[in-house]
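Since the structure comes first, as structure tokens, the remarks are kept for the end.
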Amino acid sequence: MENLGALNKELVCVLFPGNVKNEENAIQYLGGLKTISQVCSPSSKKHLSLSFQPDNPYVNKINGDVKAVTGVLLKVKVKKTKEDGKLKREVVNTSVVGQVKKIHKFESVCDFQYLPVTNGPNSECLLEKLIPAGLEDPKFLDEPAPFHIVPSSFTRFDKPINYSYADKKINVTEDELLNADPDEVHKMRSDRGIPVRRFSFNLVDEIPTEPHEYFITIKNTKASMNPQINEEYEIVQKMFDERPVWSFNHIKHHTRLRTVNLKVILPCIAFHNLNGPWKLLWVKFGYDPRKEPYARYYQMLDFRLRNAGIYSCVSQDLETVKRDRMKKMPLEEPSEEIIPEGALYLTPNSLPTQRQIFYMYCDIHLPEVQEILAVEPPSGYQCHPKRGWLAANTAHTCRDIIFKYLKKNLMGNKHADLKFEQASSDDSESDEAPSAADTTADNSMITN
């Protein structure tokens, strides 16, 4: 074998779907040398197209797929001789042309076309009648033209696929049918992993009093393989005995348990509120916050920083605190994410850890907010479906108080030249059902 040094030369292979007798025509079918060079360049992301009629705009081109290969292109010289009427081949010389790392293959269907031809035994191409070859007399507009209409769009798939036009068969249990969401328009994707029974807040339905057998069975199965789950179950159970309402981030912050285990434990102890005054919170089975005025301390407040300048200043201060905290941490860090205390509790000297954050009213340690919560609802007051046990505009007032402390902290720091604007959201926004961002913020344990 000769010319082994040519292995350093990289080549691109094009597998032409046909018997090539004229190389120039084959190159024109692929778009010409210029197009081939552009497609084969390293920075190009285009596909190599093939058309057996390059001058016909009605032809639907087929695209080639680029595949990585490991090959070598050899040049072989063969000597042919005839002896006793038989053809004999003898390899005279073999040399290496280069290595091949990419190959363009045309594997899609190309024999279904909408071309301008007449039907019948003597078919005729109507391309010249449809597309003028040059300057024509305006009278040709009045002459009858062939009736050739192409489809408005073609399929996006080059290869044939099997598709069954039938309804998907989904096995639905009786409990799922009873708890099905009647809203047929705003449907959410189905949960992956362990399904969690959510409670859509209203003033009519009964509060769940005990967990479903499904969650108990899963916990027992997991505990048989991992006995530590029973100990973690007792830890979470003790938390709900001390306080009937918790958020997922609170539980994770205080217990430092793995998210995978909390997914199994929580549905056995509490139910999840989807919306309402206690949205995104876990409530102990049997505890009805609609009948307990003290449950106003456990309601959720949605606080948002809409001013991008203020948020950038807050984030800079938080990054400094985060770096200081990372220096004090040990070298071996747990794999689970640690929820910082600033993401749960708000003090006069603390800053929000996110641009949008959810606080439970009992965790807002500001004197003005605690004075508002200390006011008992009047006798005969009923729980409101959106405000709960709090008076009107309480959420708006608390946001203004939080923003006042935030402004004070930033002004006392290095951001004295900031122009502050009202950044708290309206009551109507906080009272609505949680958005996609809300669900992602505190509902990460529901889906895998």
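Keep in mind the model is a prediction, meaning the values are calculated, not measured.
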Is there a side-chain contact between [X] and [Y] (heavy atoms, below 4.5 Å)?
| X | Y | result |
| --- | --- | --- |
| Val39 | Val12 | no |
| Leu390 | Leu373 | yes |
| Leu280 | Phe248 | no |
| Lys407 | Lys404 | no |
| Pro289 | Tyr298 | no |

Tell me, with the steps shown, if Gln53 and Tyr58 meet side chain to side chain donor-acceptor pair (under 3.5 Å). CA-CA 9 Å; Gln53 298 182 22; Tyr58 292 99; over 6 Å; no

Give a yes or no on whether a salt bridge exists between Glu242 and Lys284, defined as a side-chain N under 4.0 angstrom from a carboxylate O. no

Considering only NZ, NE, NH1 and NH2 on the basic side and carboxylate oxygens on the acidic side, decide whether Arg399 and Asp302 come within less than 4.0 Å. no

Check ring-ring contact (aromatic ring centres under 6.0 Å, His included) between [X] and all other residues, then give those that pass, not counting sequence neighbours.
| X | answer |
| --- | --- |
| Tyr29 | Phe52 |
| His365 | Tyr345 |
| Trp389 | none |
| Tyr361 | none |

Looking at residues at least two apart in the chain, or sitting in another chain, which of them share a side chain to side chain contact (heavy atoms under 4.5 Å, CB included) with [X]?
| X | value |
| --- | --- |
| Ala26 | Phe16, Val20 |
| His384 | Tyr381, Lys386, Arg387 |
| Leu11 | Lys9, Leu73, Val97, Val100 |
| Lys101 | Glu10, Gln99 |

Hits for salt bridge (Lys or Arg N to Asp or Glu O under 4.0 Å) against Lys67, two or more places apart or cross-chain, chain-then-number order -> Glu107

Compile the donor-acceptor pairs under 3.5 Å between side chains in residues 200-209 and protein atoms, sequence neighbours left out, one pair per line.
| from | atom 1 | to | atom 2 | distance (Å) |
| --- | --- | --- | --- | --- |
| Asn202 | OD1 | Val204 | N | 2.9 |
| Asn202 | OD1 | Asp205 | N | 2.6 |
| Asn202 | ND2 | Ser200 | O | 2.8 |
| Asn202 | ND2 | Asp205 | OD2 | 3.0 |

Going through the distances and angles, do Glu232 and Lys219 end up as a salt bridge (Lys or Arg N to Asp or Glu O under 4.0 Å)? CA-CA 11 Å; Glu232 296 176 350; Lys219 184 186 78 69; over 6 Å; no

Would you check if the side chain of [X] reaches a backbone N or O of [Y] as a donor-acceptor pair within less than 3.5 Å?
| X | Y | answer |
| --- | --- | --- |
| Trp246 | Met239 | yes |
| Trp282 | Ile251 | no |
| Gln382 | Arg290 | no |

Parallel under 30°, tilted from 30 to 60°, perpendicular over 60°: which one fits the rings of His250 and His254? parallel

Starting at [atom1] of [X], measure out to [atom2] of [Y] and round the result to the nearest 0.5 Å.
| X | Y | atom1 | atom2 | result |
| --- | --- | --- | --- | --- |
| Asn230 | Ile265 | CG | CD1 | 8.5 Å |
| Leu30 | Lys61 | CG | NZ | 10.5 Å |
| Asp363 | Leu344 | CG | CG | 7.0 Å |
| Phe303 | Gln356 | CZ | CD | 11.0 Å |

If you draw a 6.0 Å radius around NE2 in His253, do more than 12 non-hydrogen atoms from other residues or ligands fall strictly inside? yes

Residues which pass side-chain hydrogen bond (donor to acceptor under 3.5 Å, both in side chains) with Thr347, listed by chain and number, not counting sequence neighbours: Ser350

Sorted by first residue and then second, give each side-chain hydrogen bond (donor to acceptor under 3.5 Å, both in side chains) pair with at least one member in residues 31-43; sequence neighbours left out. none

